[in-house]
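Bear in mind that the values here come from a model prediction, so they are computed numbers and not experimental data.
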Amino acid sequence: MPIQVLMPALSPTMEKGNLSKWLKKEGETIKSGDVIAEIETDKATMEVEATDEGTLGKILIPEGTADVAVNTPIAMILADGESAADLAKAPAPTQQQKAAESAPPAGAKAEAPAPKAAPSAPQAVAEPDPEVPAGTEMVTQTIREALRDAMAEEMRRDPDVFVMGEEVAEYQGAYKVTQGLLQEFGAKRVIDTPITEHGFAGVGVGAAMTGLKPIVEFMTFNFAMQAMDQIINSAAKTLYMSGGQMGCSIVFRGPNGAAARVAAQHSQDYASWYSNVPGLKVVAPFSAADYKGLLKAAIRDPNPVIFLENEMLYGHTGEVPKLDDFVIPIGKARIVRSGSHVTIISWSNGMSYALKAADELAKDGIEAEVIDLRTLRPMDTETIINSVKKTGRAVTVEEGWAQSGVGAEIAARIMENAFDYLDAPVARITGKDVPMPYAANLEKLALPSAAEVVEAAKAVCYR
């Protein structure tokens, strides 16, 4: 069946762009990694690479078209053996994707695009969340909205809470997570900083040591490398070194790990780095409800908390309890899907692969129990061990590298606490042992996939 090429996004907040030029013509052979088109916004220009091989069967959006909505089909690629007649067999674009949403070249008129629904995170039949009372009304929110509401609620509750970071105020946040906070709380509590992570992280740590409760946003945790001395040597160690006399209630938050075609210096997963450090708590949620409930808990915690978000999840939607004060305790994992044959353990965006894999495994009669760790330090070892004692098998899933990864720590704890219950070695699915490539096809290969999780689960089940 012909493969759709979709309009890509330059960033999680991009909604549309201009298709400036086609570099391939209809009928030309396409190889994976070939640059087939150029798109641009008012901020950047990007090359569109083919991630599949075949023939460029049909160009759906002509070059020069302005305001092409993200995820609109822009071309069709024919696989080997397919012809133009097969184009009719391709799935029709959804209402959200139809090219009619995009403005045509100058001279033509287009109707205003219909509002697009944000993509939803993979869904599963989850066990009831013990933090949510039965019968609670739920509201649907994106993860960026859940984060914003968590900060706003805590800032209303406690005048000592404030937000600081690059572009958090006037620009409303690089990823629009702090949208509206400046208007409600003013410039004294929503503070734009210079581009100097070492400096403003240090200011935040100092403020926390005097009793304030800063939320320090890093545009990406890759940039927090500049602030490691402040985070590790000052924030994490001072309580111990002061004999318990000087605390540091501070949250460091922002996107961690791979995004989309931002290359090696903007794609690293630092979960294992921070979870190695005594004195820090490390949180890495997946669902919108967990993002909200855990961020509120992090802001109230007397210790420094590393709150690892994921850029690819900001636009995902989920149900959030409509409660006056919804707080999830740090350090407690959640069984998202019950099963009896194999335990799959993940967190943050790794849960996307885990849940998709569980759905595929169920088709083959393998019922996977999926655990969302939510917190990496302190780690909920008890929930992991109890599940492995039931299933006898375990697979860990993370986007970070394998050596010294979080999955290695989980495997060690299972060996220490449930060795006699294991029917197979613990399997680990991780990012590949390379710096993140820029090319779209290579980036895809460098990250885990649901297929790899399925293969690992079947291997430990001897299937």
Could you tell me whether [X] atom [atom1] has more than 12 heavy atoms of other residues or ligands within 6.0 Å of it?
X: D325; atom1: CG; answer: yes
X: Q265; atom1: CD; answer: no
X: E455; atom1: CD; answer: no

Report yes or no: does [X] contribute a side-chain atom to a donor-acceptor pair with the main-chain N or O of [Y] at less than 3.5 Å?
X: S346; Y: V397; result: yes
X: S387; Y: I384; result: no
X: E154; Y: M151; result: no
X: E452; Y: S449; result: yes

Do K281 and F307 form a cation-pi contact, if we require the NZ or CZ to be under 6.0 Å from the six-membered ring centre and within 45 degrees of the ring's axis?
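Not satisfied by the 6.0 Å and 45° rule.
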Hey, does the Lys NZ or Arg CZ of R261 hover above the aromatic six-ring of Y438, less than 6.0 Å from the centre and inside 45° of the axis?
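Yes, a cation-pi geometry.
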Could you go through the salt bridge (charged side-chain N to carboxylate O under 4.0 Å, His left out) check for E153 and R156 one step at a time?
CA-CA 5 Å; E153 289 174 15; R156 295 180 197 121; 5.4 Å; no
Evaluate the side-chain proximity of [Y] to [X]: yes if any heavy-atom separation is below 4.5 Å, no if none is.
X: M351; Y: V370; value: yes
X: T391; Y: H341; value: no
X: I59; Y: I74; value: no

With rounding to the nearest 0.5 Å, note down the distance linking [atom1] in [X] to [atom2] in [Y].
X: T220; Y: Y270; atom1: OG1; atom2: OH; result: 7.0 Å
X: L181; Y: Q172; atom1: CG; atom2: CD; result: 8.0 Å
X: I36; Y: K24; atom1: CD1; atom2: NZ; result: 9.5 Å
X: I330; Y: K296; atom1: CD1; atom2: NZ; result: 12.5 Å

Are E309 and N256 close enough that a side-chain donor and a side-chain acceptor fall under 3.5 Å?
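Not at all, the side chains of E309 and N256 share no donor-acceptor pair under 3.5 Å.
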